[in-house]
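Below is one structure; the comments refer to it alone.
In this chain, residues are counted from 1 in sequence order. The structure displayed is predicted, hence computed values, not measured ones.
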Amino acid sequence: DLVPVLHQMYGSIFPVDIEGYTKEIQTMISERDEVKDKLSSEYGISESGLRNQEIDDGEVGKLIHTYQKLSNVLKQFSLEKIQESGRNGICCTIRSIGTETFRCTTKQMNLYGLPKRLRKYLVPRNGEILLTMDIHASQIIILAWLAQETKLIDAYEAGEDIYRMMGVNFFSKDVDAVTDLERSAFKRVILLLINGGGINALSDSLQEFGISKSWDEVIRMKAQLFEFLPNIDAYIKKLQTSEVLCLPSGRKWHFDELPDPHKRLARVLQGIESEVLKQSLVTIHEKLKAIPDSSLYMSLHDSITVETTEESKEIVTKCIEESVFDAFQIHFPETKKIIIKEEKRNEEN
């Protein structure tokens, strides 16, 4: 059932607002060149040297990382490729099982690597508008259910801001005192922790948000977080010794060739997230047949995009919410609520 749905979405060109896309590409070129000039004038690193330069954790490393990231995006999604043969769009092919976690991947042009600042210039093929809905904190709530971390589940289902809530025990503050900046920083931190980030990575991530903490402080902050979430801590430790893990869907993961517990955790979370998303797409595809001028457009990571009309936006939103909730309940039947949020197209990465 899934393959026809994927080919319906990815079998046609994704048209682009070429004027807006061109301006954004030019802005990115300017940003890349500014970084390159700074690396040359202040640190004596030439463009040819960038290709062989090792990335460290300091200021130079961050600049090189920014330069390489911008260069890769500009190479992959250049204006020349977008305008090839007069198509003015992104063309790619889909692999329904592209990774070890059964996530989809795209090739030819890797749509999964398209940053939001360029993605916002995609336009509908047939509909009036594009509606993108994100599954809020999908991997976090999957982890909470696997670990039976009820305080996190209850807060999520009550509509509380769980990133701010967890930030309380990371920054040692009352919930009302956690700033928006600290919340954003913690969101990055928790994803790093899930994927095995070390103290250096956590410290650097906080520094990017202007939050400077010593090595000892970051260690203490991490310990406080897991003291607040003991079941999640215990679940991650359990993965260190597990040889086989059976998921709620019945799928088994064999870990004999994957010694890192955090990589094991990432594989499990991404695997369940992928299953939920794919089941949701199949259900949404069927329901949209009854909604005029509405069809699936694309799905990236934990988001689903539908092209539709302003008139049908509300019913399409409800369709997505119900479909994701039903798919999630296949894995976790006691789920009472899954939060789906509309992604604003002018948001940056």
Side-chain angles (χ1 to χ4, degrees), residues 1-21 24 82 85-96 103-106 108-109 111-112 114-136 138 159 273-331 335-347:
D1 293 336
L2 176 67
V3 173
V5 176
L6 293 176
H7 284 294
Q8 177 240 300
M9 289 191 289
Y10 296 94
S12 302
I13 292 172
F14 292 92
V16 166
D17 168 8
I18 199 66
E19 182 179 351
Y21 193 94
E24 195 67 46
I82 295 295
S85 303
R87 294 181 304 189
N88 284 347
I90 292 176
C91 184
C92 62
T93 53
I94 188 77
R95 292 171 173 166
S96 59
R103 279 181 162 182
C104 297
T105 58
T106 53
Q108 190 174 349
M109 293 184 76
L111 197 63
Y112 284 82
L114 183 69
K116 285 184 181 179
R117 63 189 297 183
L118 292 178
R119 200 186 311 162
K120 66 185 178 183
Y121 296 108
L122 295 176
V123 296
R125 297 185 182 107
N126 304 305
E128 294 178 0
I129 62 170
L130 293 179
L131 173 65
T132 298
M133 305 295 291
D134 290 323
I135 306 173
H136 176 60
S138 58
E273 185 181 52
S274 174
E275 290 179 346
V276 167
L277 194 61
K278 288 178 178 180
Q279 182 60 53
S280 300
L281 292 175
V282 172
T283 306
I284 292 167
H285 175 70
E286 291 301 315
K287 289 184 176 182
L288 289 179
K289 291 178 181 179
I291 304 175
D293 301 315
S294 300
S295 60
L296 279 167
Y297 185 78
M298 70 177 182
S299 176
L300 299 178
H301 309 298
D302 58 356
S303 71
I304 297 169
T305 301
V306 170
E307 53 179 322
T308 186
T309 63
E310 286 287 354
E311 184 180 4
S312 299
K313 182 177 177 179
E314 185 176 345
I315 191 171
V316 169
T317 298
K318 186 176 180 181
C319 164
I320 295 171
E321 291 173 342
E322 291 177 347
S323 300
V324 172
F325 178 74
D326 291 345
F328 207 91
Q329 277 202 317
I330 293 173
H331 299 270
T335 302
K336 296 182 180 67
K337 182 178 181 180
I338 291 296
I339 300 172
I340 313 290
K341 294 185 176 182
E342 182 180 353
E343 178 186 285
K344 303 302 180 183
R345 299 203 73 197
N346 60 353
E347 288 180 347

Rounded to the nearest 0.5 Å, what's the gap from [atom1] on [X] to [atom2] on [Y]? Could you check?
X: Tyr297; Y: Ile129; atom1: OH; atom2: CD1; result: 13.0 Å
X: Ile339; Y: Met133; atom1: CD1; atom2: CE; result: 11.5 Å
X: Leu277; Y: Asp302; atom1: CG; atom2: CG; result: 8.0 Å
X: Leu131; Y: Thr317; atom1: CG; atom2: OG1; result: 4.5 Å
X: Thr305; Y: Asp134; atom1: OG1; atom2: CG; result: 8.0 Å
X: Tyr10; Y: Cys91; atom1: OH; atom2: SG; result: 13.0 Å

Give a yes or no on whether [X] atom [atom1] has more than 12 heavy-atom contacts from other residues, nucleotides or ligands under 6.0 Å away.
X: Asp17; atom1: CG; value: yes
X: Ile13; atom1: CD1; value: yes
X: Gln329; atom1: CD; value: yes

Q | Side-chain heavy-atom pair Leu281, Met9 within 4.5 angstrom cut-off | A |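 SC-SC contact between Leu281 and Met9 confirmed.
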
[X] to [Y] - nearest heavy-atom pair and separation:
X: Cys92; Y: Met109; result: CB-O, 3.0 Å
X: Thr335; Y: Phe328; result: OG1-CD2, 3.4 Å
X: Val276; Y: Val324; result: CG1-O, 4.3 Å
X: Ser312; Y: Ser294; result: CB-OG, 4.1 Å
X: Ser280; Y: Ile304; result: CB-CD1, 4.3 Å
X: Met298; Y: Leu122; result: CE-CD1, 3.7 Å

Looking at [Y], is its backbone amide N or carbonyl O close enough to the side chain of [X] to form a donor-acceptor pair, meaning the two atoms are under 3.5 Å apart?
X: Thr283; Y: Gln279; answer: yes
X: Ser303; Y: Leu300; answer: yes
X: Thr106; Y: Leu111; answer: yes
X: Glu310; Y: Glu128; answer: no

Q) Checking side-chain contact (heavy atoms from CB on, under 4.5 Å) for the pair Val316/Ile320: CA distance, chi angles, key distance, verdict? A) CA-CA 6 Å; Val316 169; Ile320 295 171; 4.1 Å; yes

**Q.** Test salt bridge (charged side-chain N to carboxylate O under 4.0 Å, His left out) applied to Glu275 and Lys278, step by step
**A.** CA-CA 5 Å; Glu275 290 179 346; Lys278 288 178 178 180; over 6 Å; no

